[in-house]
S.K.: 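Can you keep this structure in mind? I'll have questions shortly.
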Number of protein chains: 2
Amino acid sequence: MLDPISRIRRFNRAVTSAVGALDTSFLGRGRPLGAARVLNAIGHGREDVAEIRDYLGLDSGLMSRLLRSLEDEGMIETSPHEEDARRRVVRLTRAGRREFNAYEALSNAQAEALLARHSQKDALLAAMDMIGSALGQSRTKLSEMSPRSDEARYCLGEYYAELGRRFKQGFDVKLSRDPDAKDMVRPRGIFIVAMSDSLPIGCVGLKGTDHGYAEIKRLWVSPAARGLGLGRRLMEAAESAARELGISVLRLDTNSALPEAGQLYRRTGWSEIPRFNDDPYPDLFFEKHL
Amino acid sequence: MLDPISRIRRFNRAVTSAVGALDTSFLGRGRPLGAARVLNAIGHGREDVAEIRDYLGLDSGLMSRLLRSLEDEGMIETSPHEEDARRRVVRLTRAGRREFNAYEALSNAQAEALLARHSQKDALLAAMDMIGSALGQSRTKLSEMSPRSDEARYCLGEYYAELGRRFKQGFDVKLSRDPDAKDMVRPRGIFIVAMSDSLPIGCVGLKGTDHGYAEIKRLWVSPAARGLGLGRRLMEAAESAARELGISVLRLDTNSALPEAGQLYRRTGWSEIPRFNDDPYPDLFFEKHL
DNA sequence: GCATATATCTGACTTTAGTCAGAGAATATT
DNA sequence: AATATTCTCTGACTAAAGTCAGATATATGC
């Protein structure tokens with residue numbers, strides 16, 4: 001009753017029966033689960049038949065029949081792919097959109113019901129984020145994005161909030177050097193966000209300078225995604241982007257109040273160097289030659 | 001990307017595909033899922049056919065056929081129920097036990113794999129406990145148990161640990177009045193543990209005294225189960241047990257460092273009274289007439 | 001241009017899950 | 001003792017999911 005394996009298996013049991021309930025709710029609209037899943041995949045923006053087949057793990061014959069039945073119902077329309085006439089492209093009709101929305105409303109209602117009977121909503125959501133990240137680890141994608149995108153802003157907001165909590169003296173963005181974004185855009189630099197199925201869970205910036213080196217900035221991993229090696233993945237992505245941009249020297253600054261960050265840098269080939277700026281927050285400085 | 005509903009639905013997606021993988025792992029041993037589920041139910045100690053049928057939600061005809069196929073495989077043996085010859089009782093043969101163990105090993109390996117690729121194991125397990133409790137809310141059972149049972153000891157250990165964290169001066173069990181258990185056993189009192197599918201997630205004790213009242217002691221709800229109204233359920237169970245034992249006055253002591261407890265008592269008909277003992281820890285005292 | 005590979009579709013299956021009515025045996029109720 | 005109810009089992013279904021071997025049309029590599 002106390003060992004980790006039992007606890008995970010208890011979680012599995014709870015979740016299996018909840019998912020069962022979730023599955024059966026997809027029935028109740030007069031459509032078998034397979035067809036409902038295809039309809040939902042299309043509604044969520046997948047339009048390439050082969051992609052849907054792959055995503056849902058279906059045999060091509062079965063897929064074909066499911067599409068045919070949705071077409072007969074008037075839920076979808078198919079047309080040949082513009083560039084490859086062997087492929088087909090699917091999209092919802094108006095009736096299909098309505099039906100998809102009905103499924104969405106069902107799912108939302110279920111989520112709301114779970115939330116409604118829980119008074120510690122933040123803790124519950126944080127737990128869900130964590131487990132979603134752990135289970136969806138293989139589906140975490142790193143994407144280059146503008147540092148002004150919604151996703152990047154969200155990450156940066158969480159990053160600053162965390163610095164505020166962890167620095168004894170608090171943290172004021174405006175006092176930090178160069179809070180703005182223009183140097184983290186190609187070709188001077190880049191900004192990378194880690195997305196786990198629509199939730200941003202980490203970021204890193206590569207900031208170009210005019211001093212013969214570039215800087216790594218704003219490395220952040222969501223509490224929900226810690227322990228999965230995402231920090232290392234983000235750093236590797238930033239370093240390989242730097243190589244690609246012809247950058248050969250990287251520097252970064254950090255604070256000893258963030259020991260896990262310092263540890264990561266030391267383990268991945270960075271060397272401590274003397275202070276190279278007069279930013280008030282950092283007290284540790286690193287450099288790496290690519 | 002930030003609203004609670006989307007976060008819950010992201011969790012659902014992650015978990016649905018993980019559970020899908022879990023389900024298919026039950027295949028791979030040359031047995032359809034239905035038969036595997038029945039075999040597992042039997043392996044976990046269910047032996048009454050009707051009970052298994054009810055637990056798995058199966059039709060009697062289907063159940064009968066699944067049992068027959070397991071019997072043909074040599075995995076189980078059935079015999080008539082000793083007291084009711086209409087019923088049947090099932091148990092694993094030696095081969096069935098082996099097969100069941102193989103499924104168990106599979107499940108354990110899966111759990112271990114998840115744990116192995118996560119370095120923040122405690123946080124992950126805590127998140128799983130929380131979600132398991134939230135999803136399995138309807139399956140949380142309150143059971144009367146000896147305060148010396150493993151389950152009770154586990155709860156009390158967690159309870160004391162939490163007091164140690166939350167009291168400024170720490171907490172030493174030995175200094176607290178009456179740490180022992182004999183007064184929380186019928187007919188003087190009782191001890192109740194809340195179990196969520198083999199994990200103890202809360203407890204409460206009703207302790208008989210010789211002063212014309214009984215005391216509520218050791219009310220604890222696991223962090224994993226907070227926000228679900230379990231504290232109230234435990235208190236209601238303790239109060240109705242008190243009524244049943246002919247007790248008409250209840251008292252309890254608590255500490256203002258545990259504000260959520262005081263709030264619960266005030267909301268459920270308890271009145272604050274002057275100090276009625278010289279225990280060093282409590283600073284708030286309540287009474288309720290049943 | 002021709003062989004090869006790929007994407008979809010169709011027909012002909014099998015397996016699994018599940019439903020329903022009723023039979024047979026035992027137990028519970030009146 | 002008669003009647004109703006309960007539990008398991010069997011036969012006769014249906015629906016859904018999944019498999020497999022071509023057929024057809026298109027794309028790609030040499």
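Side chains are part of it too, since the values below use all heavy atoms of this structure and drop only hydrogens, waters and symmetry mates. In the text below, chain A, chain B and the rest are named by the order of the sequence lines, each starting its count at 1. Just so we're clear, the structure is a prediction, and the values are computed from it rather than from any experiment.
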S.K.: Between atom CZ in B/Arg87 and atom C1' in C/dA28, what is the gap in whole Å?
M.R.: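 Whole-Å distance recorded here is 13 Å.
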S.K.: Rounded to whole angstrom units, what separation is found between the CZ atom of A/Arg53 and the C1' atom of C/dA7?
M.R.: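 Computing the A/Arg53:CZ to C/dA7:C1' distance gives 7 Å.
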S.K.: Give the intermediate values and the outcome of side-chain hydrogen bond (donor to acceptor under 3.5 Å, both in side chains) for residues A/Arg10 and B/Ser196.
M.R.: CA-CA 9 Å; A/Arg10 163 179 177 263; B/Ser196 168; 2.8 Å; yes
S.K.: Between A/Ser69 and A/Asp72, do the side chains contain an N or O donor and an N or O acceptor separated by less than 3.5 Å?
M.R.: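 Per modelled atom types, A/Ser69 and A/Asp72 side chains form no pair under 3.5 Å.
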S.K.: Using whole Å, report how far CG of A/Asp54 lies from C1' of C/dA7.
M.R.: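 For the pair A/Asp54 CG and C/dA7 C1', the rounded distance is 13 Å.
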S.K.: Give, for atom CE of B/Met235 and atom CG of B/Leu230, the distance between the pair rounded to the nearest 0.5 Å.
M.R.: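 With rounding to 0.5 Å, CE (B/Met235) is 12.0 Å from CG (B/Leu230).
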S.K.: Sort and list the pairs that fulfil salt bridge (charged side-chain N to carboxylate O under 4.0 Å, His left out) and have at least one residue in residues 60-69 of chain A, not counting sequence neighbours.
M.R.: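 Listed by first then second residue: A/Arg68-A/Glu71.
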S.K.: In residues 68-81 of chain A, which residues come under 4.0 Å of DNA chain D by heavy atom?
M.R.: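 Listed by number, there are none.
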S.K.: Expressed in angstrom and rounded to an integer, what is the separation of B/Glu83 atom CD from D/dC7 atom C1'?
M.R.: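 Rounding to the nearest Å, CD of B/Glu83 and C1' of D/dC7 are 15 Å apart.
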S.K.: Between A/Gly34 and B/Met63, which is nearer to the 5' end of DNA chain D once each is assigned its nearest nucleotide?
M.R.: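 On the 5' side of the pair lies B/Met63.
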S.K.: Expressed in angstrom and rounded to an integer, what is the separation of A/Arg88 atom CZ from D/dA27 atom C1'?
M.R.: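 Taking CZ of A/Arg88 and C1' of D/dA27, I get 16 Å after rounding.
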S.K.: Do other residues, nucleotides or ligands put more than 12 heavy atoms under 6.0 Å from A/Arg37 CZ?
M.R.: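 No, CZ of A/Arg37 has 12 or fewer neighbouring heavy atoms, counting only those of other groups under 6.0 Å.
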S.K.: Please give, in whole Å, the distance from C/dT8 C1' to A/Leu67 CG?
M.R.: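 Interatomic distance, CG of A/Leu67 to C1' of C/dT8: 10 Å.
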S.K.: Each nucleotide N or O in nucleotides 21-26 of chain D that has a protein N or O under 3.5 Å away: list the pair and distance.
M.R.:
none

S.K.: Taking the nucleotide of DNA chain C with the closest heavy atom to each, which residue, A/Glu51 or B/Arg31, is nearer the 5' end?
M.R.: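 Of the two residues, A/Glu51 wins.
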S.K.: Kindly state each residue pair satisfying side-chain hydrogen bond (donor to acceptor under 3.5 Å, both in side chains) with at least one member in residues 51-62 of chain B, sequence neighbours excluded.
M.R.: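 Applying side-chain hydrogen bond (donor to acceptor under 3.5 Å, both in side chains) to every pair that reaches into residues 51-62 of chain B, excluding sequence neighbours, yields B/Arg46-B/Glu51.
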S.K.: Any side-chain N or O of A/Arg65 under 4.0 Å from OP1/OP2 of D/dA16?
M.R.: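 No, A/Arg65 has no side-chain N/O under 4.0 Å of OP1/OP2 on D/dA16.
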S.K.: Using ring pair (Phe, Tyr, Trp, His ring centres under 6.0 Å) as the criterion, list what pairs up with B/His44, not counting sequence neighbours.
M.R.: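 Listed in chain order: B/Phe100.
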S.K.: Go through residues 41-49 of chain B and report each residue with a non-hydrogen atom lying under 4.0 Å from DNA chain D, sorted by number.
M.R.: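 Result for residues 41-49 of chain B: B/Val49, sorted by number.
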